Amino acid sequence: SVYAGTDGPLYAVSRAGLYRSLSFDEQPVVIDSSSEWREVVCSGSGQYVAITKNVDSVFEIYVSSNYGEGAVQVAAPANSDYVAMSPSGKYVVASFSGWSQYATAVYPPYVLAVSSDYGGNWTSVVANFPADTYCQSVAVTDSRVIYASSCAYYAGLPDEGFVYTQTMYRSLDFGQTWVVMNTPLAR
């Protein structure tokens with residue numbers, strides 16, 4: 001993944017590691033050469049960074065308050081493979097998509113958790129999210145508004161296989177309640 005702060009920092013993860021460029025025209029440098037990084041997001045200034053890491057098929061979240069340097073694992077819910085950060089970096093949202101789970105139609109208790117202290121402490125809000133869906137991706141603002149994209153899978157006709165609906169949600173109270181923003185799109 002690639003993520004750019006509004007003030008110039010650019011972060012990227014690949015099988016070769018975690019990269020950072022402090023300006024849009026600077027050559028990126030390797031901060032960490034681990035091949036397990038999955039996704040990276042940062043605050044607008046780029047000072048605060050959250051990164052997901054896949055360790056033996058278990059996703060973990062790491063945060064840094066120093067432009068990606070010295071990222072430490074935080075006590076976020078296990079298997080958080082997606083993460084979003086507000087422009088200030090103060091608000092962080094983690095979710096687990098369960099993408100590999102849909103083929104068996106076994107839905108584990110998905111992760112949807114929020115932090116209001118730069119990723120230090122987490123509160124689960126998954127019970128508040130609509131049932132029988134999972135959060136595919138998230139975004140969060142400094143006013144604690146969360147946007148979430150979700151999918152719901154169900155068995156279609158024999159020649160269709162699995163069918164899913166894509167829905168956008170918004171929470172104006174940091175994940176306590178959710179409203180549908182669109183008519184669900186079936187695929």
Side-chain angles (χ1 to χ4, degrees), residues 1-11 13 38-53 59-65 67-68 71 73-99 101-102 107-154 163-187:
S1 76
V2 175
Y3 201 88
T6 55
D7 298 336
L10 176 71
Y11 294 89
V13 292
R38 185 185 189 288
E39 183 179 8
V40 62
V41 295
C42 68
S43 62
S45 69
Q47 177 182 354
Y48 298 98
V49 179
I51 317 138
T52 60
K53 191 174 194 177
F59 292 94
E60 302 169 343
I61 295 181
Y62 290 72
V63 295
S64 166
S65 61
Y67 298 91
Q73 183 180 357
V74 295
N79 258 343
S80 301
D81 62 346
Y82 288 98
V83 65
M85 182 175 276
S86 68
S88 70
K90 182 175 181 178
Y91 302 105
V92 188
V93 178
S95 70
F96 169 61
S97 71
W99 184 256
Q101 302 294 327
Y102 82 90
Y107 293 98
Y110 294 107
V111 171
L112 185 55
V114 295
S115 170
S116 58
D117 60 359
Y118 303 92
N121 295 290
W122 294 84
T123 301
S124 176
V125 294
V126 74
N128 305 334
F129 203 68
D132 300 326
T133 65
Y134 69 83
C135 191
Q136 192 173 24
S137 60
V138 291
V140 62
T141 70
D142 277 324
S143 55
R144 299 173 8 126
V145 174
I146 302 172
Y147 297 93
S149 165
S150 77
C151 281
Y153 286 91
Y154 57 92
V163 178
Y164 70 92
T165 58
Q166 183 79 39
T167 308
M168 291 293 302
Y169 294 92
R170 179 182 62 214
S171 173
L172 299 175
D173 53 11
F174 210 43
Q176 297 306 303
T177 59
W178 296 88
V179 295
V180 174
M181 294 178 60
N182 69 314
T183 303
L185 305 172
R187 281 186 74 194

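Here, residue 1 is the first one in the sequence, and each next residue gets the next number. Computed from heavy atoms alone, side chains included, the values below leave out hydrogens, waters and symmetry copies. Fair warning: this is a prediction, and the values are worked out from it, not measured in the lab.
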Minimum heavy-atom distance between [X] and [Y], given as atom pair plus value:
X      : Y     : value
Pro9   : Ser45 : CG-O, 3.0 Å
Val41  : Val83 : CG1-O, 3.4 Å
Gly68  : Val49 : N-CG2, 3.6 Å
Val13  : Arg38 : CG2-O, 3.3 Å
Met85  : Val92 : CE-CG2, 4.0 Å
Val138 : Ala84 : O-CB, 3.4 Å

(request) Kindly indicate whether the side chain of Phe59, heavy atoms from C-beta on, has any atom under 4.5 Å from the side chain of Tyr82. (result)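 Contact flag for Phe59/Tyr82 side chains = no.
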(request) State, with a plain yes or no, whether a side-chain heavy atom of Tyr91 is found less than 4.5 Å away from one of Asp142. (result)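 Tyr91 vs Asp142: side chains touch.
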Atom [atom1] in [X], atom [atom2] in [Y]: separation rounded to 0.5 Å?
X      : Y      : atom1 : atom2 : answer
Leu112 : Tyr169 : CG    : OH    : 11.5 Å
Tyr67  : Gln47  : OH    : CD    : 5.0 Å
Arg170 : Ile146 : CZ    : CD1   : 12.5 Å

(message) Pair Thr177, Asn128 - check side chain to side chain contact (heavy atoms under 4.5 Å, CB included), show working.
(response) CA-CA 6 Å; Thr177 59; Asn128 305 334; over 6 Å; no
(message) Main chain of Tyr48, side chain of Ser43: is a donor-acceptor contact present, judged purely on distance under 3.5 Å?
(response) yes
(message) Can a donor-acceptor pair be found, under 3.5 Å and without considering hydrogens, that links the side chain of Tyr11 to the backbone of Gly46?
(response)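 It does hold such a pair.
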(request) Show the numbers, then the answer: is there a side chain to side chain donor-acceptor pair (under 3.5 Å) between Ser171 and Asp173? (result) CA-CA 6 Å; Ser171 173; Asp173 53 11; 2.9 Å; yes
(message) Please evaluate residues Phe174 and Val140 with respect to the criterion side chain to side chain contact (heavy atoms under 4.5 Å, CB included), reporting the C-alpha separation (whole Å), side-chain torsions for both, the decisive distance (0.1 Å), and the verdict.
(response) CA-CA 9 Å; Phe174 210 43; Val140 62; 4.0 Å; yes
(request) Quick one: list whatever passes side chain to side chain donor-acceptor pair (under 3.5 Å) with Ser137, sequence neighbours left out. (result) none
(request) Could I get the full list of ring pair (Phe, Tyr, Trp, His ring centres under 6.0 Å) partners for Trp122, not counting sequence neighbours? (result)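 Residues passing ring pair (Phe, Tyr, Trp, His ring centres under 6.0 Å) with Trp122: none at all.
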